[in-house]
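Letters go in sequence order (proteins before strands), and every chain restarts at 1.
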Protein chains: 2
Amino acid sequence: MRVGDLDESELLARVLPLLPSEALLGPGDDAAVVAAPDARVVATTDVLVEGRDFRRDWSTGADVGWKAVAQNVADVAAMGATCTGLLVALGLPGDLDVAWVEDFAAGAAQACRALGAVVVGGDLSGASEVVVAVTALGDLAGRAPVLRSGARPGDVVALAGSPGRSAAGLDLLRAGRSRGPGSVPDLLAAHRRPVPPVALGPAAADAGAVALMDVSDGLLRDAGRIAAASGAVLDLHLAGAVLAGCAGALAAATGADAATARSWVLTGGEDHGLLACFPAGARAPEGFRAVGRVLAGAPGVLVDGEPWSGAGVGWDHFRGR
Amino acid sequence: MRVGDLDESELLARVLPLLPSEALLGPGDDAAVVAAPDARVVATTDVLVEGRDFRRDWSTGADVGWKAVAQNVADVAAMGATCTGLLVALGLPGDLDVAWVEDFAAGAAQACRALGAVVVGGDLSGASEVVVAVTALGDLAGRAPVLRSGARPGDVVALAGSPGRSAAGLDLLRAGRSRGPGSVPDLLAAHRRPVPPVALGPAAADAGAVALMDVSDGLLRDAGRIAAASGAVLDLHLAGAVLAGCAGALAAATGADAATARSWVLTGGEDHGLLACFPAGARAPEGFRAVGRVLAGAPGVLVDGEPWSGAGVGWDHFRGR
């Protein structure tokens with residue numbers, strides 16, 4: 001059965017029961033009503049477009065649903081907040097299999113359950129390619145939001161998550177290594193179904209993080225955003241145990257050379273780890289590992305004290321890499 | 001200059017300054033932070049897709065920006081709430097003129113100013129057709145949200161707005177009557193830049209409205225949604241002064257026959273008026289006019305006491321009309 005065989009209400013009737021939906025008022029009226037006990041609401045939106053942000057031959061509908069939820073919940077966590085609700089808007093081609101949409105909803109539901117989120121509303125429209133626009137809402141529970149602009153010289157740069165795994169998985173798919181002996185299932189899973197450490201966002205805020213962001217476009221590019229917003233230099237320790245360890249593990253798992261593995265670690269997007277800056281005396285929550293230091297100077301990013309001279313600096317949504 | 005000539009940050013730098021943006025934390029971080037003084041937040045999202053929801057040869061970028069804002073603010077008003085912030089996500093083809101995007105932002109900004117809204121965040125992505133996904137947030141200021149499910153037999157059905165004007169404008173465009181002596185500029189404007197009566201949403205709630213919704217898919221179809229949610233019959237008085245007057249005015253302005261004009265009034269979408277049900281004794285705010293009555297019976301909509309026998313019942317996003 002194709003999407004075009006159903007009207008909007010029939011398609012909704014198939015999809016909505018699959019989604020966890022608890023709110024003061026959930027889907028079905030002109031708008032949802034979501035609790036905002038803090039009297040402030042955190043809000044973020046992301047668009048995923050078929051052929052650019054995902055490929056239907058490389059990711060199932062469930063993978064896309066998972067990722068759309070995960071990356072938005074990660075953005076809420078990166079403010080120091082907890083997700084209180086998601087709005088999921090889909091543009092769907094008429095000839096798309098309804099089973100793909102149901103699979104998308106099932107994957108979105110799995111991510112919701114894994115990350116403690118619910119779907120409170122959405123919209124369906126026709127489109128000539130699959131477009132997914134998710135909005136996430138969050139509650140700060142009295143915390144100050146942790147911005148990108150608070151890094152100061154002397155801070156420790158810390159990362160929750162293992163950078164480069166999604167990019168390595170994507171390159172395996174590009175190389176046709178999606179199955180068989182050359183494949184690495186957990187890297188493919190890292191690409192298809194990232195698991196952002198969402199509980200560490202509020203934990204980092206409580207532990208005194210002065211800057212925090214979701215790493216969606218690559219460590220170098222996103223560290224550069226903290227650097228630019230803070231007016232400081234972020235020096236990433238690629239030669240240090242954590243990042244070198246990540247690169248080494250990727251090289252060992254995939255057979256890639258060291259330069260490729262380092263490039264995944266520094267420039268690979270879509271890992272959705274959390275990058276934080278903590279004052280030197282602060283005790284970062286377990287799950288964060290020191291990967292660098294904030295220095296004074298013209299805003300920018302250094303790698304082991306030097307400007308990065310390898311390929312690319314991360315993902316750009318119009319130009320690609 | 002084309003969208004593909006710029007990277008995401010360059011395009012943002014051109015668009016963001018055009019938009020009114022006041023929030024606790026506006027665009028530029030992982031998420032926005034918006035005041036929610038009521039400790040609940042109203043949230044709704046809508047997608048517009050080029051070629052389906054708008055045509056670039058019939059509407060300017062500014063028209064599309066206006067409409068995307070207006071229809072989402074209308075959904076917030078239809079809960080009895082006031083809009084506190086918008087998130088605007090765009091999918092843009094690389095060969096799209098940057099001027100179109102700037103024009104879109106200018107139109108969105110005009111609608112924001114007209115309707116008392118601000119843009120607090122968003123996202124940009126590549127796409128093969130223009131896709132606009134707007135999320136609107138709102139505050140209820142202590143009111144109970146007005147749902148679709150509260151209509152009861154004996155209630156008065158009241159409408160703020162003049163139904164059919166957008167559909168008449170669209171049919172003028174379809175007929176090539178976009179300019180010259182056969183054109184009707186204010187109907188074209190009603191299609192391109194609807195002005196939802198957003199202040200009347202909270203006013204209706206305060207006046208005791210028991211059901212309220214934004215008329216986006218046509219009077220019959222949307223009245224049917226109130227009827228279904230409320231378990232009641234909505235009898236629309238097409239022969240009464242208000243709806244007959246709307247149809248008569250459309251026929252006179254366009255030269256259309258009476259049946260066509262009645263069909264615009266009953267089934268034309270995108271007017272974004274507010275349809276409300278008030279208990280018989282309530283005093284509806286100025287701007288609402290009685291257009292029908294709620295009756296007991298199997299849920300559905302009647303027109304002058306009879307099932308509608310004219311063409312169509314409104315807009316469906318997958319099937320069209």
(request) Would you mind telling me which of A:Thr44, A:Asp46, A:Thr45 makes a side-chain contact (heavy atoms from CB on, under 4.5 Å) with B:Leu87? (result)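 Answer to the side-chain contact (heavy atoms from CB on, under 4.5 Å) test with B:Leu87 among A:Thr44, A:Asp46, A:Thr45: A:Thr45.
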
So do [Y] and [X] actually touch side chain to side chain, heavy atoms under 4.5 Å?
X        : Y        : result
B:Arg148 : A:Asp30  : yes
B:Ser125 : A:Asp53  : yes
A:Asp29  : B:Pro145 : no
A:Leu124 : B:Val47  : no

(message) Can a donor-acceptor pair be found, under 3.5 Å and without considering hydrogens, that links the side chain of B:Glu129 to the backbone of A:Ser128?
(response) yes

(message) Looking at chain A, which one of B:Asn72, B:Asp214, B:Asp38 has the largest number of heavy-atom pairs inside 4.5 Å, strictly under?
(response) B:Asp214

Taking side chain as everything from C-beta outward and backbone as N, CA, C, O, which of these in [X] sits under 4.5 Å from a heavy atom of chain B? Side chain, backbone, both or neither.
X        : answer
A:Met79  : side chain
A:Leu140 : side chain
A:Val120 : neither
A:Leu147 : both

(message) Apply side-chain contact (heavy atoms from CB on, under 4.5 Å) to residues A:Leu137 and B:Val41 and explain how you reach the verdict.
(response) CA-CA 9 Å; A:Leu137 307 176; B:Val41 62; 4.2 Å; yes

(request) Answer with side chain, backbone, both or neither: which region of B:Ala133 has an atom nearer than 4.5 Å to a non-hydrogen atom of chain A? (result) side chain

(message) If you count heavy-atom pairs within less than 4.5 Å of chain B, which of A:Asp139, A:Asp75, A:Val49, A:Thr84 leads?
(response)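 Of A:Asp139, A:Asp75, A:Val49, A:Thr84, A:Asp75 has the most heavy-atom pairs under 4.5 Å with chain B.
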
(request) Among the options A:Ala89, A:Ala43, A:Gly121, pick out the one with the most heavy-atom pairs lying under 4.5 Å from chain B. (result)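 It is A:Ala43.
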
